[in-house]
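A quick write-up on the structure given underneath.
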Amino acid sequence: MFDLKAIRDDPQAFDQGLARRGRAPQTPAILALDKEWRAAETKAQELQAERNKLSREIGAAKAKGGDAADLMRLVAESKDEEARLGVEAARLKGEVDALLAGIPNLPAADVPDGTDEHGNVQVRLHGEPRRFAFPAKDHVALGEGLGLMDFARAGKLSGARFVVLSGALAQLERALGAFMLDLHTREFGYTEISPPLLVRDETAYGTGQLPKSADDMFKTTNGLWLIPTAETPLTNLVAGEILDEAKLPMRVTAWTPCFRSEAGAAGKDTRGMIRQHQFEKVELVSIAHPDQSAEEHERMTGCAEEVLKRLDLPYRVMLLCSGDMGAAAQKTYDIEVWLPGQDTYREISSCSNCGEYQARRMNARFKPKAGKGNRYVHTLNGSALAVGRTLIAVLENHQKEDGSVAVPAALQPYMGGLKVIRLDG
RNA sequence: GGAUGGGUGGCCGAGCGGUUUAAGGCACCGGUCUUGAAAACCGGCGAGGGUGCAAGCUCUCCGUGAGUUCGAAUCUCACCCCAUCCGCCA
C-alpha cells in the first residue's frame, strides 16, 4: 500500500519507480479516481455537517418541549442526496484502494535496474564451488541410494512434489531446523516463535500474498490459508499495533512448514526436493525503525550467511535487480548455495527489506519519541534458511565417492554424534 | 458444537437514544517546586480523512458489517473475536 498524498505530490517519481519494475504508469488512473473521490467525499461531508447541525437543533427544540416538525422536514429533503454521495464516495475510495493494493513496492535507490534474474548483481562470494575427483551425484541419487528419500511412496500418499524422508535424513532435517533456531536465538538475539500455520484473509493481505498470489496458496474449506512462509504470521504479529519506539527492532524467528501450490511452476524443478508443495523453513523477521532498516537488512542477511558458513557450504550473495524482486520488497538479497549435483548455484535464502509497504497494509506503527504523530515501521524478512534446500546442499556438498555423506561438525550434536550417513545406517 | 458474559483511546475503565466535544485513572510530554530525583501541584495529551497558504472549519472511528431513527458507543439483526462452563477431542 502507498501514501496517496505522496503520489499526489510527486506522481512522476512514483511512475518512474514502477517503470524500473517494468510496470506501466499508474498515476493517471489513480489521480483521476482520487480527484473524483475527493469531490464526492467533500460534498457528502458538507451535507453531513448540515444534517448534524439540524439534528442538534431538533434535540435542543425538543428538550424545550417545542415543535421540530419543520426542521425534521428539512433533514428529510437532503437525505437521499447525502446517501447517494456517500455510497459514491465509498465506491470510488474502494476503487483507489484496490488499485493501490495491487501495485508492487517501489525499488530502493541502490537496487540495480533489470528485467529478470540476469540483471542481478553478485555482491559477495564465500568459498569455492566444490569439485570432486568423482562424478558428483545429485541429492536424489544420494538420498535414494541411502534408502532414506522416497518419492514413490510420497506420490502414493500425496502426489507429486512431496517426499518421505526416513532415518538419518529425517533426523538431518530436524537437526538443521534446531541448529538454525539455536543459532539465531542464542547468538543473534531473535525470539523464537511458534506461530499458527493457518491464517485469515487479513493476515495474508497484510504481508502482500493477497490479493495477487491467492493461486500460490492452499485454502482450507473454512476459508483459512496455509502459510506459504512464516513471514506471514511473524510479520503480522504487530498488525494494527502502535509499538513503543524503544522496543525496535523487534526480532523474531520461527521454524515452520511452508505450503505452496506452485501453480505457475508446472514442469519446473520437478526432480527431487528443490520445489515441493510442503517444506520446512526457518524464517527471520525484523520489525525495525525506518532509519535503521537498511542496516538491519545487512545484519539479517549476515545471520542467514552464518548458517551456511557453519555448515561449510559455498555460496554467493546476489543483490536482486528491480525486475526480479518480490512485490512487497524494496530491496532483496538472495543467497545462493552451490549444488555440485546440479553444477550451479541455487537460491536457498531471500532477505528482503519491505520498507513500510507491509506496515501500511497491516497498519503497524510506532510512536516516535521526537516529533508528533505515529510513523509506520519497516518490516524485513529472510529465510535462514530453507531447511529442505539446506538438506539438499548438505547432501550434495558433503557427499563421498561411495555415496555416503559426512555430517557437518555443527550438526553432529543434533544427530547423536553421527559423523557419516551411510547405506547401512 | 451448546450455554452465559463480554469486546470503549497506548493501557485500565465509566457511559447504555440528544451539550459525549467519550468521564475518571494509569502511562507519556511540558511546567512549578528541588542541589538532583521522587512526591505533590498546574497544564497538555486518541487515530484516520476532506478542505484551506495558514489560523481554522469539518467528516469518520467505541470488534466488523448491515439496519431503525431527525439524531446511535447506546436500540435491532448477522458475523468475527475473547472469557467461563458443558460436550467432543490430540
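Here is the naming used below: chain letters follow the sequence lines, and residue numbers restart at 1 for every chain.
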Span of RNA chain B engaged by chain A, first through last nucleotide within the 4.0 Å heavy-atom cut-off, is B:G10 to B:C81
Considering only the P atoms, how many Å lie between B:A14 and B:C75, rounded to the nearest integer?
-> 16 Å
Base partner of B:G87, which must satisfy Watson-Crick or wobble distances under 3.5 Å | none
C1' spacing across the pair B:U4 / B:G9, given as an integer number of angstrom | 29 Å
Expressed in whole Å, how much space separates the C1' atoms belonging to B:U8 and B:C81?
-> 15 Å
P atom, B:C62 versus B:U21: distance in rounded Å?
-> 14 Å
Between B:G36 and B:G50 - P atom distance, rounded Å = 47 Å
Which comes earlier along RNA chain B counting from the 5' end, the contact point of A:D3 or that of A:M72, where each point is its nearest nucleotide?
-> A:D3
Under 4.0 Å between any heavy atoms, over every strand shown, what does A:R8 touch: base, sugar-phosphate, or nothing? Just pick one.
-> sugar-phosphate
Is the count of non-hydrogen atoms from other residues, nucleotides or ligands lying under 6.0 Å from A:E187 atom CD greater than 12?
-> yes
Using a cut-off of 6.0 Å, state whether more than 12 heavy atoms not belonging to A:E295 lie near its atom CD.
-> no
Heavy-atom closest pair (A:S286 atom, A:R251 atom, distance to 0.1 Å) is OG-CG, 3.8 Å
Give A:D244 one of three labels, base, sugar-phosphate or nothing, depending on what nucleic acid heavy atoms sit under 4.0 Å from its own.
-> nothing
Side-chain (A:S383) to main-chain (A:S350) donor-acceptor, under 3.5 angstrom | yes
Complementary nucleotide for B:C61 - Watson-Crick or wobble, under 3.5 Å | B:G46
Just checking A:R56: base, sugar-phosphate only, or nothing, at a heavy-atom cut-off of under 4.0 Å?
-> nothing
Side chains of A:K331 and A:N353: do they bring a donor and an acceptor to under 3.5 Å?
-> no
Sticking with atom C1', work out how far B:A83 lies from B:G10, rounded to a whole angstrom.
-> 23 Å
Flag for A:E283-A:T253: side-chain donor and acceptor within less than 3.5 Å = no
Report the base-pairing partner of B:G5 (Watson-Crick or G-U wobble, both distances below 3.5 angstrom), or none.
-> B:C82
Can you tell me the Watson-Crick or wobble partner of B:A39, both distances under 3.5 angstrom?
-> none
Can you tell me, in whole Å, how much space there is between the C1' of B:G24 and that of B:G13?
-> 8 Å
So do the side chains of A:I421 and A:L169 get within less than 4.5 Å of each other, counting heavy atoms only?
-> yes
Do the side-chain N and O atoms of A:K281 and A:T229 include a donor-acceptor pair separated by under 3.5 angstrom?
-> yes
Quick one: label A:K5 by what it contacts on the DNA or RNA (base, sugar-phosphate, nothing), any heavy atom closer than 4.0 Å.
-> sugar-phosphate
What is the base-pairing partner of B:G56, counting Watson-Crick and G-U wobble geometry with both distances under 3.5 Å?
-> B:U51
Closest to the 5' end of RNA chain B, once A:D34 and A:E46 are matched to their nearest nucleotides, is A:D34
Determine the Euclidean distance between corresponding P atoms of B:A73 and B:G63; express it in Å to zero decimal places.
-> 10 Å
Base, sugar-phosphate, or nothing: which does A:I58 touch, judged by heavy atoms less than 4.0 Å apart?
-> base
